[in-house]
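Computed from a prediction, not measured in an experiment: that's the story for all the values here. Throughout, a chain's letter reflects where its sequence line sits, starting with A, and its residues are numbered from 1. Hydrogens, waters and symmetry mates are skipped; everything else that's a heavy atom, side chains included, is used.
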2 protein chains.
Amino acid sequence: MPYTYDYPHPAVTVDIVIFTIVDDDFKVLLIQRDIKPFEGMWALPGGFVGIDESLRRAAWRELKEETGVHAAFLEQLGAFGHPDRDPRERVITVTYYALIPAERLKLKAATDAREARLFSMKDLPALAFDHAKILGRAHLKVKDKIDEPIVALQLLPASFTLSDLQRVHERILGTSIDKRNFRKKILALDLISPTGEERRDGPHRPAKLYRARDPADVPYR
Amino acid sequence: MPYTYDYPHPAVTVDIVIFTIVDDDFKVLLIQRDIKPFEGMWALPGGFVGIDESLRRAAWRELKEETGVHAAFLEQLGAFGHPDRDPRERVITVTYYALIPAERLKLKAATDAREARLFSMKDLPALAFDHAKILGRAHLKVKDKIDEPIVALQLLPASFTLSDLQRVHERILGTSIDKRNFRKKILALDLISPTGEERRDGPHRPAKLYRARDPADVPYR
DNA sequence: GCAAAAGTGTTTGAGGTACACCCATGC
DNA sequence: GCATGGGTGTACCTCAAACACTTTTGC
């Protein structure tokens, strides 16, 4: 059942850069390829765009296949289409990036992958195709986005401490932030409110828990 | 000479949003389609991506075909791919936007167009496909970009007055800017330097001309 | 001389940055 | 009692915004 056209058509895929934070570490989800080319290498999850499927819908589908997550912060990063980025045929990929709280991830390797794993952004393996370039651009984009403080909320559970929130910023930016200044700024924005609860998790003063003041800010939970 | 594949492939195009400033007016280049679908309607210039052509190269080619310009500020905007955006077949478009000084434009209608014309962003015709959406997003992007003051230089000739530069900002943002604050800010950035020349063009004090201090800031001239 | 755009400084408020100590807890 | 992270305030500086008059020219 071949599909024929009057002139050559490229294949189009979506690839997704799925970021999360685990153990105070900024991580990305990679899959180990089980098929050629680049068999055995790590790569971004992704797949072909269905012929009647929007780009965004294809990204959602891949995200769900890989993680079980059906609601998340998901935005387009851009299209990458160097003619020789895939040795099989001309493949243009439209990339997305997602920010997901770690506890929502249920990793499952798709059929074309041996394994799905989270890698620290500080300790990445060699990547297939041009995925290192894509991942680099995604990281830059998130660094840029993080100073809309709503973005960091996407990576946290429904309730969190101010230290949790600060660590998200620090891990993404790769810098350290002054605690008093951070709290002053965040609280002045009036985006979050105390739940009234506390978290006690060690030999120190319990931390107040906060949540997003406006649920519309974190629509994906 | 048909091209066949095991599964359906979309067509991929590039479309370009070409902005310029003429007569103190922020304008966009549109072409009037000479073929179906949307025959007779105005649309963004664009065309199919060659099977061995990078996306960026395809954008350059279209830009040159349409305007004669072979060097310009050109950046990717994003991919648009709703399944029914083109009634003929599934077409995914990768969009770019360009900023070009008006005096460099030599408009020529491509073979698939009757005419190429500049339209004021304040007086746009109905557009074919989803091009109104694309153009809207491009305008937002440029508004965002313009506060990197290097960007406005792309729309001006090699030498220009501070009022010229201010008008570029005002027309793109659609707001008016305080003259003293604008000059203070721009000059503090140290991006431009006086040429020593003046321009006299009417019954008023002549204006000092400036140029980019670092030619690398305007590599496209 | 008059119309038209060029050119020029100061004040104010907001927000960012630097900086150090006490608090509540678990063991 | 001590180690651990939670929590708090002030001083300074930078930058954006508001605001009005003089200068130089063409006609």
Between atom [atom1] in [X] and atom [atom2] in [N], what is the gap in whole Å?
| X | N | atom1 | atom2 | answer |
| --- | --- | --- | --- | --- |
| Glu198(A) | dG26(C) | CD | P | 11 Å |
| Lys179(A) | dT8(D) | NZ | P | 10 Å |
| Lys184(A) | dT8(D) | NZ | P | 13 Å |
| Leu165(A) | dG7(D) | CG | C1' | 15 Å |
| Lys185(B) | dA18(D) | NZ | C1' | 15 Å |
| Gln166(A) | dG7(D) | CD | P | 11 Å |
| Arg199(A) | dA24(C) | CZ | C1' | 16 Å |
| Leu209(B) | dA6(C) | CG | P | 11 Å |

Assess, by modelled atom type and distance only, whether the side chains of [X] and [Y] contain a donor and an acceptor separated by less than 3.5 Å.
| X | Y | answer |
| --- | --- | --- |
| Tyr97(A) | Glu75(A) | yes |
| Asp15(A) | Thr95(A) | no |
| Ser159(A) | Thr195(A) | no |

Select base, sugar-phosphate, or nothing to describe what Asp201(A) touches, counting heavy atoms under 4.0 Å on all strands.
nothing
Any base atoms under 4.0 Å from Lys208(A), or only sugar-phosphate, or nothing? Heavy atoms, all strands.
sugar-phosphate
Would one find a side-chain N or O of [X] under 4.0 angstrom from OP1 or OP2 of [N]?
| X | N | result |
| --- | --- | --- |
| Arg200(B) | dT25(D) | yes |
| Arg183(A) | dG7(D) | yes |
| Ser163(B) | dA6(C) | yes |

For Ala207(A) and Asp178(A), take the nucleotide of DNA chain D holding the closest heavy atom to each; which residue's nucleotide lies nearer the 5' end?
Ala207(A)
Among dG26(C), dA6(C), dA17(D), which nucleotide sits nearest the side chain of Pro203(A)?
dG26(C)
Check whether any side-chain N or O of Thr67(A) sits under 3.5 Å from a backbone N or O of Val69(A) as a donor-acceptor pair, and report yes or no.
yes
Could you check whether any side-chain N or O of Arg85(A) sits under 3.5 Å from a backbone N or O of Ile92(A), counting only pairs where one atom can act as donor and the other as acceptor?
no
